[in-house]
Asks: 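Here it is, the structure, as structure tokens.
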Amino acid sequence: MVINMAQGYTEEQLQHVIGRVKECGFTPHVTRGAERAIVAAVGSGGSRSALEALQAAAGVDSVVPIAHPFKLVSRQTRGERTRVYVGQVCIGGEEAVVIAGPCSVESREQLFATARAVKASGASMLRGGAYKPRTSPYDFQGLGLEALKLLREVREELDLPAVTEVMSTNDIDLICEHADMLQVGARNMQNYDLLRQLAKCSKPILLKRGPSATVKEWLLAAEYLLAGGNQNVVLCERGIKTFETEMRNTLDLAAVALARELSHLPVLADPSHGTGRRELIAPASRAALAIGADGLIIEVHPCPERALSDGAQSLNLEEFARLMQGLSAPLRPLASSVSGQRVDNAPRMNGHSVYSV
Ligand code: PEP
Ligand code: MN
């Protein structure tokens, strides 16, 4: 249930509602907006009818059931969109955020060259895997602690916050010491032990959607983090398994819009893993921003053909710079239908407008 406090409620009234929610056997989660407050009553063991009666309490505007199985993640429980701060970088605000860097940290030279270049092109965060979830045990598994140290060095020197993947509960503390944000990879989206532990850590989490997870399962995975105490969660659509074989995954852009519709959390898109094809990364990035993504995470390598992981989907430094320039270019103009007039640069065929004038 969500208890919406009325405009002009008093602190005393709010505290009374919080107390009653506890007495009814639920856990209160309070969100205070500029003018209103919302109390989400979460749990399964309490008395719903007693909660419904809070409709009559002073300072309460309405008591409404939460329509979804995910409660704290639901937009119903927050008046406004969540902004997640990673250092000085705000994810979920007015500006789209671009995170860029190599799939794996491979060496000091590789990481510094990439970080300098992506920063110069306008990226506001660095990515780089230290612990890699590889399909084959014979593939490069990441440099581990050595990579974490390099990430820390580069983020301090370039003032570029870094995100890196955590695969095991054993590594959480170590990664927290070296990185600014922890990524839960697609394969671990439903690793509930990992999610429960990350709920208690102080760093923001980038939660990737599992390759075969529904949007509901993805949001329920985020619910573990919020319910356990970590409010700083950013969702990331990175492509799902479909019957399509020409692309590594199918980037589900509608799910970006849906996740933003159902949840107050910021949502990023990962066109690198989402397509697996470098030539599709720029158009998919533009499409993701057009549909409302709060930002992008993109794989970049100084020499993709030599990359130890995901070279085929990595942009080189110049390609990334071009992509960034393209992101600020205006979208395709819209043909005007007003009294049959065409807009100046509406499409033309054989010298004639494709629209009748
Ligand atoms: C990655 O970011 O390099 C990665 C392995 O991502 P995902 O978990 O989405 O496959
Ligand atoms: Mn990768």
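Bear in mind that the values here come from a model prediction, so they are computed numbers and not experimental data. Any value given below was found using the heavy atoms of this structure, including those in side chains, with hydrogens, waters and symmetry copies removed. Note that ligands are numbered from 1 as they come in the structure, with each ligand's atoms numbered from 1 the same way.
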Asks: Taking only non-hydrogen atoms of Arg209, do any sit less than 4.0 angstrom from ligand 1?
Replies: no
Asks: Identify the closest protein heavy atom to atom 4 (C) of ligand 1: which residue and atom is it, and at what distance?
Replies: His273 NE2, 3.4 Å
Asks: Between Arg127 and ligand 1, is there a nitrogen or oxygen pair with a distance under 3.5 Å?
Replies: yes
Asks: Identify whether the distance between the nearest side-chain nitrogen and carboxylate oxygen of Glu106 and Arg306 falls below 4.0 Å.
Replies: no
Asks: So that I can tick it off, tell me whether Glu157 and Arg116 are bridged by a salt bridge, with the cut-off set at under 4.0 angstrom between side-chain N and carboxylate O.
Replies: yes
Asks: Return the residue, atom name and 0.1 Å-rounded distance of the protein heavy atom closest to atom 6 (O) of ligand 1.
Replies: Lys208 NZ, 3.0 Å
Asks: Counting only heavy atoms not in Glu94 (residues, nucleotides, ligands), do more than 12 fall under 6.0 Å from its CD?
Replies: no
Asks: Only to 10 degrees, please: what angle do the OE2 atom of Glu299 and the SG atom of Cys103 make about the Mn ion (ligand 2)?
Replies: 90°
Asks: Under 3.5 Å, is there a donor-acceptor pair between the Glu299 and His273 side chains?
Replies: yes
Asks: Go through the steps to decide whether Arg278 and Glu319 satisfy the test salt bridge (Lys or Arg N to Asp or Glu O under 4.0 Å), and finish with yes or no.
Replies: CA-CA 9 Å; Arg278 53 218 298 251; Glu319 287 166 338; 2.9 Å; yes
Asks: Is a salt bridge present between Lys119 and Asp159, judged by a nitrogen-to-oxygen distance below 4.0 Å?
Replies: no
Asks: Under 3.5 Å between any N/O of Asp270 and any N/O of ligand 1: does that happen in this structure?
Replies: no
Asks: What do you reckon, does Lys132 have a nitrogen or oxygen under 3.5 Å from a nitrogen or oxygen of ligand 1?
Replies: yes
Asks: Can you tell me the angle formed at the Mn ion (ligand 2) by OD2 of Asp310 and NE2 of His273, to 10°?
Replies: 90°
Asks: Do NZ/NE/NH1/NH2 and the carboxylate oxygens of Glu177 and Lys149 come within less than 4.0 Å?
Replies: no
Asks: Is the closest basic N to carboxylate O distance between Asp294 and Arg81 below 4.0 Å?
Replies: no
Asks: By number and element, which atoms of ligand 1 are closer than 4.0 Å to a non-hydrogen atom of Arg187?
Replies: 8 (O), 10 (O)
Asks: Is the shortest side-chain N to carboxylate O distance from Arg36 to Glu80 below 4.0 Å?
Replies: no
Asks: Return the residue, atom name and 0.1 Å-rounded distance of the protein heavy atom closest to atom 10 (O) of ligand 1.
Replies: Arg238 NH2, 2.8 Å
Asks: Any atoms of ligand 1 less than 4.0 Å from a non-hydrogen atom of Gly185? List them with their elements.
Replies: 8 (O)
Asks: Considering heavy atoms of the protein only, find what lies nearest to atom 8 (O) of ligand 1 and give residue, atom and distance to 0.1 Å.
Replies: Ala186 N, 2.7 Å
Asks: Does at least one non-hydrogen atom of Cys103 fall below 4.0 angstrom from an atom of ligand 1?
Replies: yes
